[in-house]
Amino acid sequence: MAHTEPHYRRGLLLILSSPSGAGKTTIARKLLESHHNLQMSVSVTTREMRPGEVDGKDYHFVDRATFDQLEEQDAFLEYAEVFGNCYGTPRSDIMEGLEKGRDFLFDVDWQGAQQLYQRAGADVVRIFLLPPAIDILENRLRSRGTDSEDVITKRMDRARAEISHWDGYDYVVINDDIEACFEKVRTILDAERMRRSRQTGLVNFVRTLTAPDAV
Ligand SMILES: Nc1ncnc2c1ncn2[C@@H]1O[C@H](COP(=O)(O)OP(=O)(O)OP(=O)(O)O)[C@@H](O)[C@H]1O
Ligand SMILES: Nc1nc2c(ncn2[C@@H]2O[C@H](COP(=O)(O)O)[C@@H](O)[C@H]2O)c(=O)[nH]1
């Protein structure tokens with residue numbers, strides 16, 4: 001075996017949660033640009049499409065009847081109701097992808113993080129993003145320009161509840177400067193990929209070092 005041959009690694013499920021507006025989508029985009037072998041888990045949702053969003057890329061947009069049907073078919077690894085809309089993670093592909101060493105990125109709320117952890121514990125890495133201050137969070141939601149004042153009020157009310165779940169995560173990162181935050185999240189992902197428990201091909205490799213004649 002050439003010493004450059006990559007060792008087999010099991011994939012992981014990287015969860016990014018935060019109060020709405022703290023920067024999950026922004027950090028997720030940067031991670032996807034910089035890490036090949038990382039793909040977004042595209043959720044199914046009943047919420048209206050926002051300007052600029054693409055069906056099948058940002059979400060799979062469906063009506064409530066279709067969502068309920070998928071739920072009945074056990075098509076979701078997890079699902080939750082957020083701001084009166086339903087969101088679910090499609091089960092298909094993910095378990096199979098993990099076996100093949102693929103990593104998946106999730107932008108889900110604390111309920112999604114909890115359910116994914118209950119179903120796929122050892123494969124899950126949970127990161128929670130916090131804003132540097134509560135008024136900065138509100139400013140970011142306003143400057144994003146995607147929501148009405150009514151929706152911003154709802155998101156801010158929910159933000160406090162979401163923040164109260166910060167201690168259900170493996171890592172907590174404050175998103176003050178976007179580049180600094182990204183560097184921290186990237187470091188976590190790179191280190192988690194190296195975990196011994198994920199590098200399942202190491203057993204055979206180590207055998208070639210310690211008992212080369214037996215291989
Ligand atoms: N560190 C930062 N400094 C300044 N602006 C930021 C920072 N991080 C994100 N933003 C901006 O804040 C707004 C909200 O960010 P983003 O949409 O990524 O949040 P989110 O957590 O995905 O929100 P939601 O849960 O509602 O989808 C965006 O306009 C984004 O460009
Ligand atoms: N439990 C889940 N939560 C999800 C999923 N997809 C998104 N979300 C969360 O919903 C809110 C609102 O998102 P928005 O795009 O409408 O602003 C946000 O907190 C997301 O993290 C999912 O599949 N499951």
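All ligand and atom numbering here is 1-based and tracks the order in the structure.
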*Of the backbone atoms (N, CA, C, O) and the side-chain heavy atoms from C-beta on, which set of Ser20 has a member under 4.0 Å from an atom of ligand 1: side chain, backbone, both, or neither?*
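Contact part for Ser20 vs ligand 1: both backbone and side chain.
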_If I apply the N/O under 3.5 Å rule, does Asn175 come out as touching ligand 1?_
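N/O-N/O distance under 3.5 Å: yes.
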Of the side chain and backbone of [X], name the one, both, or neither that has a heavy atom under 4.0 Å from an atom of ligand 2.
X: Glu48; result: neither
X: Arg50; result: side chain
X: Val82; result: side chain
X: Gln115; result: neither
X: Lys24; result: side chain
X: Phe106; result: neither

Take atom [atom1] of [X] as the centre, draw a 6.0 Å sphere, and report whether it contains more than 12 heavy atoms from other residues, nucleotides or ligands.
X: Arg29; atom1: CZ; answer: no
X: Lys30; atom1: NZ; answer: yes
X: Gln73; atom1: CD; answer: yes

How far is [atom] from its nearest protein heavy atom, and which residue and atom is that?
atom: atom 24 (N) of ligand 2; answer: Glu78 OE2, 2.7 Å
atom: atom 4 (C) of ligand 1; answer: Arg140 NE, 3.6 Å
atom: atom 25 (O) of ligand 1; answer: Lys24 NZ, 2.7 Å
atom: atom 6 (N) of ligand 2; answer: Ser43 OG, 3.3 Å
atom: atom 14 (C) of ligand 1; answer: Gly21 O, 3.4 Å
atom: atom 16 (P) of ligand 1; answer: Thr26 OG1, 3.6 Å
atom: atom 12 (C) of ligand 2; answer: Tyr87 OH, 3.6 Å
atom: atom 22 (O) of ligand 1; answer: Thr25 OG1, 2.4 Å

*Please confirm whether Ser18 comes within less than 3.5 Å of ligand 2 when only nitrogen or oxygen atoms on both sides are compared.*
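There is no such contact.
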*Tell me which one of Val108, Val42, Val151, Asp107 gets a heavy atom nearest to atom 7 (C) of ligand 2.*
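Closest candidate by heavy-atom distance is Asp107.
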*If Ile, Leu, Val, Met, Phe, Trp and Tyr residues are connected whenever their side-chain heavy atoms lie under 4.5 Å apart, and connections chain through other members, are Tyr117 and Leu13 in the same group?*
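They do share one cluster, since a chain of ILVMFWY contacts under 4.5 Å joins Tyr117 to Leu13.
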*Close approach of Ser20 to ligand 2, heavy atoms, under 4.0 angstrom*: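 Distance cut 4.0 Å: Ser20 fails for ligand 2.
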_So if I apply the ring pair (Phe, Tyr, Trp, His ring centres under 6.0 Å) rule between Tyr87 and each of Phe76, Tyr79, Tyr59, which one comes out positive?_
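Single pass found, and it is Tyr59.
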*Any heavy atom of Ala22 sitting closer than 4.0 Å to ligand 1?*
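A heavy atom of Ala22 does come that close to ligand 1.
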